[in-house]
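These notes concern the structure reproduced below.
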Amino acid sequence: MTENSVLFSEAFAFAAFCQLHEVDFVLESGVYKGVSTEIWSLFAKDVAAVDIFIPPEAEARLARRSSVKLMTGDGRVVLPSLLEEQPKRRTAIFIDGPKGELAIRLALS
């Protein structure tokens, strides 16, 4: 794990939730260095991660992960459209950005 990335306990809890509910598609808002995105790619069939800016470090980290799709954009717009495209998938969403009240608004939308 790297500084400011997902905590091990958070990743473990999310992975356990996904396994319990047989999730095969993970949507993530907030990429930063791509650490959590890489973790999701270890167990999910497909991972779509969106951020306003994808750092080169994240692109390099995830380049070999064929199951990962990185997208530049606003998670408040992109995530709902991805859900609409594949309504029957067993999907989990990890909101790692934005933070605070904006994260709550995104989760409720």
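For reference, positions follow the sequence shown, starting with 1.
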pair V50-T72: side-chain heavy atoms closer than 4.5 Å: no
Sequence-distant partners of L83, side chain to side chain contact (heavy atoms under 4.5 Å, CB included), two or more places apart: L27, T91, I93
From T37 atom OG1 to L42 atom CG, the distance as rounded to the nearest 0.5 Å: 11.0 Å
Derivation and outcome, side chain to side chain contact (heavy atoms under 4.5 Å, CB included), residues F25 and R90: CA-CA 6 Å; F25 186 34; R90 295 191 69 86; over 6 Å; no
Whether F17 and F14 hold their rings parallel, tilted or perpendicular, with breakpoints at 30° and 60°: parallel
From S29 atom OG to I52 atom CD1, the distance as rounded to the nearest 0.5 Å: 8.0 Å
More than 12 heavy atoms from other groups under 6.0 Å of CD on Q19: no
Rounded distance [0.5 Å steps], CG in L82 versus CE in M71: 4.5 Å
4.5 Å side-chain heavy-atom contact, K69 and V47: no
Shortest non-hydrogen contact from A49 toward V31: CB-CG2, 3.7 Å
Sequence-distant partners of R65, salt bridge (charged side-chain N to carboxylate O under 4.0 Å, His left out), two or more places apart: E38
For S41 against V68, the heavy-atom pair lying closest together: CB-CG2, 3.6 Å
From CA spacing to verdict: side chain to side chain contact (heavy atoms under 4.5 Å, CB included), K45, V23: CA-CA 9 Å; K45 182 178 177 186; V23 168; over 6 Å; no
Distance, nearest 0.5 Å, that separates CG of D24 from CZ of F43: 11.0 Å
